[in-house]
Amino acid sequence: MKLKLRDILGLPGIPGTSRGALKWLKRSDLPNTKVGTAFYFNLSDLPDAVRLAWVAREAERLALDPGEYDDAAHAALEQAGPARRARAEQRV
């Protein structure tokens, strides 16, 4: 899933301003694409803490029931590669 830089503003570890987030993006070496003035990147390429915070924020925004937390499943997902995590998150 592709996100714009503005989609992650204010998440843990990400500055709340566009300028600060752009500096973070450049420092992080996150693969990205610039289209016009917007920077795009894959959700699966984000650091785990940022990615999980984005998923939680979206679930809350959409008023989705978070269900039960499964520690073993989340631990396995953290050990999976980016492609496998992306497929799992798409299924959710």
Subject >> Test side chain to side chain contact (heavy atoms under 4.5 Å, CB included) applied to Leu3 and Leu46, step by step >> reply: CA-CA 10 Å; Leu3 297 176; Leu46 288 171; 4.1 Å; yes
Is the shortest heavy-atom distance from the side chain of [X] to the side chain of [Y] under 4.5 Å?
X     : Y     : value
Leu22 : Arg19 : no
Ile14 : Trp54 : no
Leu9  : Ser18 : yes

Subject >> Side-chain (Arg85) to main-chain (Ala80) donor-acceptor, under 3.5 angstrom >> reply: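 Checked: pair present.
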Nearest heavy atoms of [X] and [Y], plus distance in Å:
X     : Y     : answer
Ala88 : Leu77 : CB-CD1, 3.8 Å
Pro12 : Val50 : O-CG2, 3.5 Å
Gly13 : Pro15 : O-CD, 4.0 Å
Ser44 : Pro82 : CB-O, 3.5 Å

Original post:
Taking 4.0 angstrom as the limit, do Lys4 and Asp7 come out as a salt bridge?
Top reply: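 Looking at Lys4 and Asp7, the cut-off is not met.
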Original post:
Any Lys/Arg nitrogen of Glu60 or Arg57 sitting under 4.0 Å from an Asp/Glu carboxylate oxygen of the other?
Top reply: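 No.
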Quick one: [atom1] on [X] to [atom2] on [Y], what's the gap to the nearest 0.5 Å?
X     : Y     : atom1 : atom2 : result
Arg87 : Arg84 : CZ    : CZ    : 7.5 Å
Phe41 : Leu25 : CZ    : CG    : 6.5 Å
Leu30 : Phe39 : CG    : CZ    : 11.5 Å
Asp45 : Asp29 : CG    : CG    : 11.5 Å

Subject >> Verdict with supporting geometry, Arg51 and Asp48, side chain to side chain contact (heavy atoms under 4.5 Å, CB included) >> reply: CA-CA 5 Å; Arg51 182 177 44 79; Asp48 289 341; 2.7 Å; yes
Subject >> Residue pair Asn42, Lys2: steps toward the side chain to side chain contact (heavy atoms under 4.5 Å, CB included) verdict >> reply: CA-CA 5 Å; Asn42 288 318; Lys2 292 279 188 185; 3.5 Å; yes
